[in-house]
Amino acid sequence: MEKNGHSTNNLSEDKFDFTCTNCNGNGKIVEAVRYCIECSGYCCQSCTDLHKTFLNMKDHNLLDACQGNQASNQPSSLPEFPTERCHLHKGKVIDMYCEEHDEVGCYICISEHHKSCPEKRIVSIPEMADTLIKRGDSKQIQSRLRDTLDSMTVIGKSKDDKLEALKESKIEEIEKVMTAQKALESIIRKAAGASRNEIETKYKELEKEILQDKQNTERLELSLRDSDDKLKQAERNRAQSFVCSKIAQKKMKEVDSQISKQKGRIYDGIEYSFKPNQSLMKYLNRLHGIGMVCVRKKERTDLYKISGSKDINIKVAGDSKPCWSVGCCLTFDNQLLVTDYNNYSLKLIETHTMTVIDVCKLDIKPRAVCCISADDAVVACGSMIQFVSYGNKMKPTRRIATPHLCYGIATKNDQLYVTNNGSSLYIYDISGTFLRSISQDTGDKEIFSNSKHVTFTKNGDKMYVSDWNKGVVCFDGEDNYQSTFNDSDLSGVDGVCVDGRGNIFVVLYWAHNVVQFNENGTKIGDVIQQQNGIRDPRSICFDKSLNRLYVTMNDSDIVKMYELN
């Protein structure tokens, strides 16, 4: 027998304290000198040397053989080593823990990202495993993990259901396309039939005229032959011959007249000519389809429910007074802009962290705000419209002076719609040119008493204007007054927005709640009430992608975010 890792085939395994796991698998009995945590086995000297040779084995944790956990005479309480590898640092073992950040990592992760953490808060996982790992915590985590997996299974099932419903919807819409195609084909067949009938009608008119001329010609020809025969018979009777001559002359005059008439009708070379409607052809050639295909959420008819909420503190250093937000809107990338009337500022909130990330100071108290592009917003301030750039660092740019107070503001088709907290709605183009105002319906009746905020449906086919006293005033896509939504509970109507699924959210200042209406003006119910944490609400906006409703309030540093389902 040769010790120090050399093999022997004539000694029993129990001559060594520990034998090489790998060599045993190959029918050799070799003394083990090390134990590899990652390989979960004992190693002879040769196998130990291989760990130093191969790159992917160099970082394996090699213990003295007596520390291994395989032999029957192995002590029961040995250090436990993690086997999880760090994906950032070439597979190094994750064996360190930062209590300060509750994060695990390899020693490189700890040295790079946790060097400022207190040293006593950095511990070795193998050394502290007994105190770090609590079996109850592990079971609790496993239980939560199973619950999460169950939730994911439910979500996956719901996605499958949605895909199936989407597929059914696709089939239904394709059937509608085929129905529309058949309708168009029917219209074209009908139009083509009309053109064929027109040709047939013209043919029959000409045919009838030519046949009549032919009949007249045949009749006159017979009459002339009859006169010729009579003249031949009257050659020996001069009196009869004279009479027949005069009758023949009269008939020839009639024939000459008929010949002249028929020569006036140009039948020779006649042909039909059909020219397709070129305007129709050009229109059809320009079509990319026979209708508009839209992907949109189905209309919602039930009341939204609150599934969660969060307070967003908008107070920043330099604010000398309590915040007072009169207006809010979402940017093109779903960040939140809020006005702070008391502190003369516009604030940008990052909606993932729910923190203020930028502030733009103004020289006039701001009310409502809306975005006009991915980089620019407009703010209703006093008697002017203030443009603000928010693409990088927020800053005020140009402004438009108005002869009226500016309260609510919204944009559609490069036009600005501005309320005056009074009896009118004013419309300007983006350059500031006044276009028109709306104050009366077709019967010269005043539409508004205290016009507040303005909002549009996504496709712009409807506009809603909140009115403090009257409710919600509805207009069509051409800015024509349609109706006023009101309810016995409506009082102090301020903010208004839409969900993109056929519903309108309305802020009731005095009632301290937010009400949901459908587009027909029927009240569905109270979405948010005072017991949900709002008081003196002023404005709202809805994130359609995340079903989040943001509510601003008077005299409050808090903007409320509600998750709805």
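Quick caveat: nothing in here was measured; it's all calculated off a predicted structure.
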Practice task
Might you confirm whether atom CD of E119 has over 12 heavy atoms from other residues, nucleotides or ligands at distances under 6.0 Å?
Solution key: no
Practice task
Look at D363 together with R399 and state whether they make a salt bridge at an N to O cut-off of under 4.0 Å.
Solution key: yes
Handout entry: Donor-acceptor contact below 3.5 Å, side chain T411 vs main chain L416
Key = no
Practice task
Tell me, with the steps shown, if N24 and Y42 meet side chain to side chain donor-acceptor pair (under 3.5 Å).
Solution key: CA-CA 10 Å; N24 280 351; Y42 292 94; over 6 Å; no
Exercise for the section: With rounding to the nearest 0.5 Å, note down the distance linking NZ in K452 to CZ in R367. Expected result: 8.5 Å
Exercise for the section: For residues F456 and Y417, establish whether the separation of their ring centroids is below 6.0 Å. Expected result: yes
Exercise for the section: Report yes if some heavy atom in the side chain of Q335 is under 4.5 Å from a heavy atom in the side chain of L348; otherwise report no. Expected result: yes
Exercise for the section: Please answer whether the main-chain N or O of T339 pairs with a side-chain N or O of S325 as donor and acceptor at a distance below 3.5 Å. Expected result: yes
Problem - Side chains of V527 and F505 in contact at under 4.5 Å (non-hydrogen atoms) - result: yes
Fill in the blank from the handout: Minimal heavy-atom distance between C117 and I122, with the atoms involved, is CB-CD1, 4.2 Å
Practice task
Evaluate side chain to side chain contact (heavy atoms under 4.5 Å, CB included) for I385 paired with V418, printing each intermediate quantity in order.
Solution key: CA-CA 9 Å; I385 301 168; V418 185; 3.8 Å; yes
Exercise for the section: Return yes if a side-chain donor-acceptor contact under 3.5 Å exists between N518 and N503, otherwise no. Expected result: no
Practice task
Please tell me if the side chains of F18 and V33 come closer than 4.5 Å, counting only heavy atoms from C-beta onward.
Solution key: no
Problem - Backbone N/O of T353 and side chain of E350: donor-acceptor pair under 3.5 Å - result: yes
Exercise for the section: Spell out, as yes or no, whether a donor-acceptor pair under 3.5 Å connects the side chain of S466 to the backbone of D494. Expected result: yes
Fill in the blank from the handout: Between G408 and A368, the two heavy atoms sitting closest are CA-CB, 3.6 Å
Practice task
Applying side chain to side chain contact (heavy atoms under 4.5 Å, CB included), run through I534 and V514 and close with a yes or a no.
Solution key: CA-CA 9 Å; I534 61 172; V514 176; 4.3 Å; yes
Problem - Ion pair K393/D358, N-O distance below 4.0 Å - result: yes
Practice task
Determine whether the side chains of H114 and E103 contain a donor N or O and an acceptor N or O closer than 3.5 Å.
Solution key: yes
Exercise for the section: Kindly say whether M354 contributes a backbone atom to a donor-acceptor pair with the side chain of T351 at under 3.5 angstrom? Expected result: no
Problem - Side chain proximity check, Y509 to R538, heavy atoms < 4.5 angstrom - result: yes
Problem - Salt-bridge criterion met for K347 and D319 (N-O under 4.0 Å) - result: yes
Exercise for the section: For the pair R146 and D150, find out whether any cationic side-chain nitrogen is under 4.0 Å from an anionic carboxylate oxygen. Expected result: no
Handout entry: Donor-acceptor contact below 3.5 Å, side chain D376 vs main chain F387
Key = no
Completion exercise
Shortest non-hydrogen pair, N313 vs I558, comes out as CA-CD1, 3.9 Å
Exercise for the section: Check whether any side-chain N or O of R121 sits under 3.5 Å from a backbone N or O of E99 as a donor-acceptor pair, and report yes or no. Expected result: yes
Exercise for the section: Could you tell me the separation between the CG atom of L337 and the SG atom of C329, rounded to the nearest 0.5 Å? Expected result: 4.5 Å
Practice task
Determine whether M394 and L346 make a side-chain contact, defined as any pair of heavy atoms from C-beta on separated by less than 4.5 Å.
Solution key: yes
Handout entry: Side chains of V496 and I504 in contact at under 4.5 Å (non-hydrogen atoms)
Key = yes
Problem - Pairing of E164 and K167 as salt bridge, 4.0 angstrom limit - result: no
Handout entry: Salt bridge D311-K560, side-chain N to carboxylate O under 4.0 Å
Key = yes
Exercise for the section: Ignoring hydrogens and angles, tell me if any N or O in the side chain of N343 forms a donor-acceptor pair with the backbone of S345 under 3.5 Å. Expected result: no
Problem - Nearest-0.5 Å distance that lies between atom CZ in R548 and atom OG in S307 - result: 10.0 Å
Problem - Cationic tip of R300 above Y304 ring, under 6.0 Å, 45° of axis - result: yes
Exercise for the section: For the residue pair T552 and S539, confirm or rule out a side-chain donor-acceptor distance under 3.5 Å. Expected result: yes
Exercise for the section: Can you see which heavy atom on Y562 is nearest to which on N532, and at what distance? Expected result: OH-O, 2.8 Å
Problem - Donor-acceptor contact below 3.5 Å, side chain D536 vs main chain M553 - result: no
Exercise for the section: Please report the C-alpha distance between V454 and M463 in whole Å, then the side-chain angles of each, then the deciding distance to 0.1 Å, and finally whether the side chain to side chain contact (heavy atoms under 4.5 Å, CB included) criterion is met. Expected result: CA-CA 7 Å; V454 188; M463 173 175 66; 3.9 Å; yes
Exercise for the section: Please report the C-alpha distance between K176 and E173 in whole Å, then the side-chain angles of each, then the deciding distance to 0.1 Å, and finally whether the salt bridge (Lys or Arg N to Asp or Glu O under 4.0 Å) criterion is met. Expected result: CA-CA 5 Å; K176 289 180 182 178; E173 298 311 305; 3.2 Å; yes
Problem - Separation between CD1 of I174 and OG1 of T179, rounded to the nearest 0.5 Å - result: 12.0 Å
Problem - Where L362 and C381 come nearest, the two heavy atoms and their spacing - result: CD1-SG, 4.2 Å
Handout entry: Expected output: side-chain H51 to main-chain C47 donor-acceptor under 3.5 Å
Key = yes
Practice task
With the side chain counted from C-beta on, respond yes when Y107 and V93 share a heavy-atom pair under 4.5 Å apart, and no when they do not.
Solution key: no
Handout entry: K162 atom NZ, over 12 foreign heavy atoms within 6.0 Å
Key = no
Completion exercise
Rounded to the nearest 0.5 Å, the CG atom of D555 sits from the CG atom of N342 at a distance of 7.0 Å
Problem - Nearest non-hydrogen partners of Y344 and P366, listed with the distance - result: CA-CD, 4.0 Å
Exercise for the section: State whether a side-chain donor-acceptor pair under 3.5 Å links T522 with N520. Expected result: no
Practice task
Using a 4.5 Å cut-off on heavy atoms from C-beta on, say whether the side chain of C370 contacts that of V378.
Solution key: yes
Exercise for the section: Give a yes-or-no answer on whether the side chains of S389 and D375 include a donor-acceptor pair shorter than 3.5 Å. Expected result: no
Practice task
Please test D302 against I524 for side chain to side chain contact (heavy atoms under 4.5 Å, CB included), starting from the C-alpha separation and ending with a verdict.
Solution key: CA-CA 7 Å; D302 59 321; I524 298 175; over 6 Å; no
Fill in the blank from the handout: Value for CD (E112) from CG (L88), rounded to nearest 0.5 Å, stands at 8.5 Å
